[in-house]
Amino acid sequence: VQLVESGGGLVKPGGSLRLSCVAYGFTFSSYRMNWVRQAPGKGLEWVASISSSSSSMSYADSLKGRFTISRDNAKNSLYLQMKSLRAEDTAVYFCARGQGGGTSDYWGQGTLVTVSS
Amino acid sequence: EIVMTQSPATLSVSPGERATLSCRASQSVSNNVAWYQQKPGRAPRLLIYGASTRATGVSGRFSGSGSGAEFTLTISSLQSEDFAVYFCQQYNTWPPITFGHGTRLEIK
């Protein structure tokens, strides 16, 4: 099992960014997927989750309306579209495979998003 | 939102000794708690789910216990590779999935 994120970088406040995560080594279409972020020197913060078929998406309340999670099972890929970015969105963003009710059993290495002018 | 409170924030333990980390939920979460280990610059690693079930490949030195609102992660006979930050997470009532702020386990 391997998860590889990409798409992070430096973006100005108010800007947009799209993160991607490609999955390898398992049947991607069978698993719920999560995005979790970690601000520098801080703890883990759940961002969003999407069901295996994309029938259900959930978001942290503070991010609703600005972030959109999606997936393309044909491409074994997970996405996070982020808009109206703020300095407090600066973090490493991890994609993670959902296991059972709400845990994450495999994680990518993360991609750093820096929001700064 | 369920708040997860971990204690202590930092725990200093000597190699070979036992470490006990605590996590308290602001309301009952049944046994829907997971524990993760994170080393600097690395992704978190799932250790325990269902409060007491070890994830695949996790050493038997790690054990979890508790139910309701009080949970414990115990690491017996600490080895050098165990010094890291540990996070608890509840998934009983979500969204949102919530994490504790972490306990840093350091070498005494």
Side-chain angles (χ1 to χ4, degrees), chain A residues 1-6 8 19 21 23-26 31-51 56-65 67-69 78 91-112, chain B residues 1-10 21 23 25 29-58 62 64 67 71 73 84-105:
Chain A
V1 173
Q2 189 177 10
L3 298 166
V4 181
E5 302 98 334
S6 62
L19 306 183
C21 171
Y24 302 92
F26 66 99
Y31 288 85
R32 179 177 55 81
M33 296 295 295
N34 301 312
W35 286 102
V36 177
R37 69 182 182 180
Q38 187 170 37
K42 302 297 184 181
L44 301 171
E45 180 185 16
W46 172 77
V47 172
S49 178
I50 186 168
S51 63
S56 174
M57 285 82 81
S58 301
Y59 299 90
D61 279 347
S62 59
L63 303 175
K64 277 181 186 174
F67 287 19
T68 302
I69 189 172
L78 175 73
V92 174
Y93 286 74
F94 297 100
C95 73
R97 189 178 82 168
Q99 178 213 50
T103 57
S104 295
D105 60 353
Y106 288 93
W107 297 61
Q109 83 288 351
T111 187
L112 176 62
Chain B
E1 173 177 321
I2 296 176
V3 177
M4 303 298 282
T5 302
Q6 291 188 244
S7 61
T10 302
L21 289 67
C23 179
V29 293
S30 186
N31 67 335
N32 295 309
V33 163
W35 290 91
Y36 298 85
Q37 175 194 66
Q38 188 179 32
K39 297 180 180 180
R42 303 289 295 275
R45 173 196 179 200
L46 177 66
L47 297 176
I48 301 285
Y49 62 94
S52 60
T53 302
R54 277 189 297 275
T56 303
V58 174
F62 293 88
S67 66
F71 301 90
L73 175 70
V85 179
Y86 292 83
F87 296 95
C88 62
Q89 175 218 329
Q90 72 81 23
Y91 53 98
N92 186 68
T93 303
W94 69 280
I97 291 169
T98 51
F99 292 89
H101 286 104
T103 291
R104 175 186 165 91
L105 180 59

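Worth knowing before you read on, the calculation uses all heavy atoms, side chains too, and leaves out hydrogens, waters and symmetry mates. This structure is a prediction, so every number in the text was calculated from the model and none was measured. In the text below, chain A, chain B and the rest are named by the order of the sequence lines, each starting its count at 1.
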Drop me the distance from B:Gln90's CD to A:Thr103's OG1, to the nearest 0.5 angstrom.
12.0 Å
From CA spacing to verdict: side chain to side chain contact (heavy atoms under 4.5 Å, CB included), B:Thr98, A:Trp46
CA-CA 7 Å; B:Thr98 51; A:Trp46 172 77; over 6 Å; no
Show me, pair by pair, the donor-acceptor contacts under 3.5 angstrom made by side chains of residues 34-41 of chain A, not counting sequence neighbours?
unit_1: A:Asn34; atom_1: OD1; unit_2: A:Arg32; atom_2: NH1; d: 2.6
unit_1: A:Asn34; atom_1: OD1; unit_2: A:Ser49; atom_2: OG; d: 2.8
unit_1: A:Asn34; atom_1: ND2; unit_2: A:Ser104; atom_2: OG; d: 2.9
unit_1: A:Trp35; atom_1: NE1; unit_2: A:Tyr79; atom_2: O; d: 3.1
unit_1: A:Arg37; atom_1: NE; unit_2: A:Glu45; atom_2: OE1; d: 2.7
unit_1: A:Arg37; atom_1: NH1; unit_2: A:Asp89; atom_2: OD1; d: 2.9
unit_1: A:Arg37; atom_1: NH1; unit_2: A:Tyr93; atom_2: OH; d: 3.0
unit_1: A:Arg37; atom_1: NH2; unit_2: A:Glu45; atom_2: OE1; d: 3.1
unit_1: A:Gln38; atom_1: OE1; unit_2: B:Gln38; atom_2: NE2; d: 2.8
unit_1: A:Gln38; atom_1: NE2; unit_2: A:Lys42; atom_2: O; d: 3.0
unit_1: A:Gln38; atom_1: NE2; unit_2: B:Gln38; atom_2: OE1; d: 2.9

Chain A contacts, top residue of B:Ala43, B:Gly100, B:Ala34 (heavy-atom pairs, under 4.5 Å):
B:Ala43
Sequence neighbours excluded and cut-off under 3.5 Å, please list the side-chain donor-acceptor pairs for residues 56-63 of chain A, or say none.
unit_1: A:Tyr59; atom_1: OH; unit_2: A:Ile69; atom_2: N; d: 2.9
unit_1: A:Asp61; atom_1: OD1; unit_2: A:Lys64; atom_2: NZ; d: 3.3

Checking heavy-atom separations under 4.5 Å from chain A, one finds in residues 1-10 of chain B none
Strictly less than 4.5 Å between heavy atoms, which residues of residues 44-56 of chain B line up against chain A? Please order them by number.
B:Pro44, B:Leu46, B:Tyr49
